[in-house]
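Data block below; observations after.
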Amino acid sequence: MRRTTKLDQWSQELRDVRDPAALFGGSAQAAVLRLLTMAGKVPFRAAFDGLTLREQAVVRHLLGRQQLRLTAPGADAPPAQFVLAHSPLGKLTVHEPARGDLPTDETVAELALPEWIIEMVDEECLPTQAEEEHQRHELDHMLYTWHAEGTLAERLEEVIDWVERVETVLIYIGRRIFSRSDSGSSTLIRDGVLPALRGRAPGDWCPEERLFVAAIQLLFRTGRAVRFEEFNGRQLSAVSLRRVLTTRCAAYLRALGEQATGQLSTATLADLAALAGDLVGLVDAGGHMRYRRVNGLTYAKDEFLMPWEPDLRVQDDLPMTLYPASTALADDDADAGEWVRRATADALRAAHTGGDERELSAILEGIVLGAVVDARADYGMSSGIRDLSRLDGPAGQYGQDVAELKKPDFFCCVLPSPQMAADLPAAAVTDILWQVAQRMMYNRWHFVPGNFDRVEVPRQRHYFFPPLVPDIGEWGDLRHGGHSTARVRYTLRAPGAAMWKQPFTVGGRQYRGAFDIRLVRMEGPPFTLADMRVACRYSALVDVFWREIAAYADAHGGWTPTITAYSGEWYAKEAWREPVERLELAEDGAGVPA
């Protein structure tokens, strides 16, 4: 099977979106929306938020005016007032050469507007620019205050460190790009934007740099560095920052049954950030679940709230995939979680006395495959550490034992759906599963340090903050090289321990993002909220599995089993077939508990 690379797919996507027949065969409105949203792959709201204030005004005036047309570059004489460019990332920009605004990306079209529309664009931009300037005064005042107090240098170093703790930062401020990526541009670190601010007073920074540093400090207060990703692919402005913080506080208060008052509209940005940070823990403990939607083209990760009472987030019925997984039987009305706890305890005793952890592996495989089947995914996975005792230790202390962990100390159980196993050649299935397993082993190793205070982790140890809330992703295969070859288009992730549960504790140390359930669809349709509920319920079963292992270790002098499955050899031998075959036996009625 020839692997399709992200370059193959993305180049074709750009060609299709920029097809002259589509751009110049109809209204300017339809053509611009096509370029703006990458033919519908980026939600309009998010794509529109990536435009500058003036670009937004131009686009608004195209809507409903079917008589306006785009023309090919250079076709107009004299040249049209507006030039449309499309970046290698698929971002639309609208330029006005007469104002000194020249495109740096590929020009794909030109646009002529009557003078009366241009006058209306000018009129709309003046008050919005004035509002932005007003709001920025508050952020500038924060920076100057920190500088006077002598804390600005420390806060700048925090920002430099924080942007390294998320996979991608891609934020626009006007025409400037503030980015950090291992595989893409990195203006913030590699190109030296942030390091260049060291030792300089805020008055020597440009306005965009002042805005970025101040905003990042406030966003971190609301929920660590993952909050930066909510501005990915968007314009960061003082106005948009206030809107996001105000909306977040109002949504949290509503979820908690409290009335949002007019005080939110008059609160300072610092007060709004602090309030959001204080409320988030209360929301997680209540009757709403936070989750995020991830767009693979813009890297944006937007948070939403879903009403869902905690007692509904458990799996009641025992999945068919778990029936033959252990000799432990559900001899009463125990729910699936209690069954998993008993089966895990039974398997731990067998592993402790006989050294065979295959029953434990079978339980985890049954959970993963159950999530795959119930969510109608093509394949799914759960990753963790091979020897849980490696995470044990004194509370809060990073320690040499954690520092010495390497990628092979982790595993990922990736299993195909029965349909995928039947539709693709076994070699192709194995190739996809092993690619994914290696990436997830790396991710799990990368998340561990994010559970410790920064001062505990060596400066040279790169890591990401662990995922905390469930997310639904789309179009991951168009930008991410690993996702392209593994055909990861639509995704679900339910990390553990869930935020509505206590952290996963090993000895004295507490962890988030220590395990998960992840699900993948290689083609449409995208996953829904109902599918996300399925993933969360199965992640809760994985939570039971790991907590039982930790409890067994506490009761038996720290002993834990070593999970040896899911190595390269395991996948090469096509051992993934066995869980799928067990499911077929269960569906045939063999091995089902009476």
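Contact detail for P114 and L68: the closest heavy-atom pair is CD-CD2, 4.3 Å. Nearest heavy-atom pair, C249 versus L264, reported as atom, atom and distance to 0.1 Å: CB-CD2, 3.9 Å. Contact detail for P202 and L143: the closest heavy-atom pair is CG-O, 4.0 Å. In this structure, S383 and R444 approach most closely via the heavy-atom pair OG-NH2, 2.9 Å. A267 and R242 get closest at one heavy-atom pair: O-NH1, 3.0 Å. Among all heavy-atom pairs drawn from A377 and F527, the shortest one is CB-CZ, 4.0 Å.
Checked by atom type and distance alone, the side chain of T128 pairs as donor or acceptor with a backbone atom of C125 at under 3.5 Å. Although no hydrogens or angles enter the test, the distance criterion places no donor-acceptor pair under 3.5 Å between the side chain of K41 and the main chain of L297. Judged by distance alone, the side chain of R180 and the main-chain N or O of V163 form a donor-acceptor pair under 3.5 Å. At least one donor-acceptor pair closer than 3.5 Å links the side chain of T187 to the backbone N or O of S179. A donor-acceptor contact shorter than 3.5 Å links the side chain of D378 to the backbone of M522. Side chain of R521 to backbone of R376: a donor-acceptor contact under 3.5 angstrom is found. Within the 3.5 Å criterion, the main-chain N or O of H86 finds no donor-acceptor partner in the side chain of D105. With hydrogens and angles disregarded, no donor-acceptor distance shorter than 3.5 Å links the side chain of R198 to the backbone of E157. Although no hydrogens or angles enter the test, the distance criterion places no donor-acceptor pair under 3.5 Å between the side chain of Y379 and the main chain of V429. The closest donor-acceptor contact from the side chain of T246 to the backbone of R243 lies at 3.5 Å or more, if one exists at all.
One finds the CG atom of L53 at 9.0 Å from the CD atom of E131 (value rounded to the nearest 0.5 Å). One finds the NZ atom of K407 at 9.5 Å from the CG atom of N443 (value rounded to the nearest 0.5 Å). In this structure, CD on Q81 lies 4.0 Å from CD1 on I118, to the nearest 0.5 angstrom. Annotation: the span from M289 atom CE to F304 atom CZ amounts to 12.5 Å, rounded to 0.5 Å. Between atom CD1 of residue I216 and atom CZ of residue R155 there is a gap of 14.0 Å, rounded to the nearest 0.5 Å. Put simply, SG on C536 and OH on Y291 are 11.0 Å apart, with the number rounded to the nearest 0.5 Å.
L468 places none of its side-chain heavy atoms less than 4.5 Å from the side chain of V226. For the pair N295 and P43, the minimum side-chain heavy-atom distance is below 4.5 Å. A 4.5 Å side-chain heavy-atom check between R176 and E209 finds at least one atom pair inside the cut-off. Inter-residue side-chain proximity for V414 and Y571 is flagged as met; some heavy-atom pair is nearer than 4.5 Å. Considering only heavy atoms from C-beta on, D516 comes within 4.5 Å of S382 through its side chain. Side-chain atoms of R439 and Q435, non-hydrogen and from C-beta on, never get closer than 4.5 Å to each other. Residues V372 and M420 form no side-chain contact, since every pair of their non-hydrogen atoms from C-beta on lies 4.5 Å or further apart. In this structure the side chain of L62 reaches within 4.5 angstrom of the side chain of L113, judged on heavy atoms.
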| Step-by-step side-chain contact (heavy atoms from CB on, under 4.5 Å) determination, Q217 to V159 | CA-CA 7 Å; Q217 276 283 339; V159 171; 3.9 Å; yes
| message | Between L89 and L170, does the side-chain contact (heavy atoms from CB on, under 4.5 Å) criterion hold? Intermediate values first, please. | response | CA-CA 11 Å; L89 293 179; L170 181 64; 3.9 Å; yes
| task | Check step by step if side-chain contact (heavy atoms from CB on, under 4.5 Å) holds for M440 and F410. | result | CA-CA 9 Å; M440 292 303 104; F410 298 84; over 6 Å; no
| said: Using the rule given for salt bridge (charged side-chain N to carboxylate O under 4.0 Å, His left out), can you reason through D477 versus R489, listing the C-alpha separation, both sets of side-chain angles and the distance that settles it, and then say yes or no? | reply: CA-CA 5 Å; D477 57 331; R489 173 153 292 186; 2.9 Å; yes
| L139/L218 under side-chain contact (heavy atoms from CB on, under 4.5 Å): CA gap, chis, key distance, verdict | CA-CA 10 Å; L139 295 172; L218 293 181; 3.8 Å; yes
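R461 forms a cation-pi arrangement with W445, by the criterion of a distance under 6.0 Å to the ring centre and an angle within 45° of the ring axis.
Contact check on R454 versus E158 returns no salt bridge, with no Lys/Arg side-chain nitrogen under 4.0 Å from an Asp/Glu carboxylate oxygen. Salt-bridge annotation for R227 and E303: present, with a side-chain N of the basic residue lying under 4.0 Å from a carboxylate O of the acidic one. For the pair D101 and R99, the salt-bridge criterion is not met [side-chain N within less than 4.0 Å of a carboxylate O]. A salt bridge between D471 and R493 is present, with a side-chain N of the basic residue lying under 4.0 Å from a carboxylate O of the acidic one.
Residue-environment remark: CD (E523) stays at or below the threshold of 12 foreign heavy atoms within 6.0 Å.
Each side-chain hydrogen bond (donor to acceptor under 3.5 Å, both in side chains) pair with one or both residues in residues 49-58, not counting sequence neighbours, appears once here: D49-R234, T52-E55, R54-E96, R54-D122, E55-R175. Listed by first then second residue, pairs satisfying salt bridge (Lys or Arg N to Asp or Glu O under 4.0 Å) with a partner in residues 16-33 read R18-E106, not counting sequence neighbours.
By the 30° and 60° cut-offs, the orientation of the rings of H462 relative to H446 is tilted.
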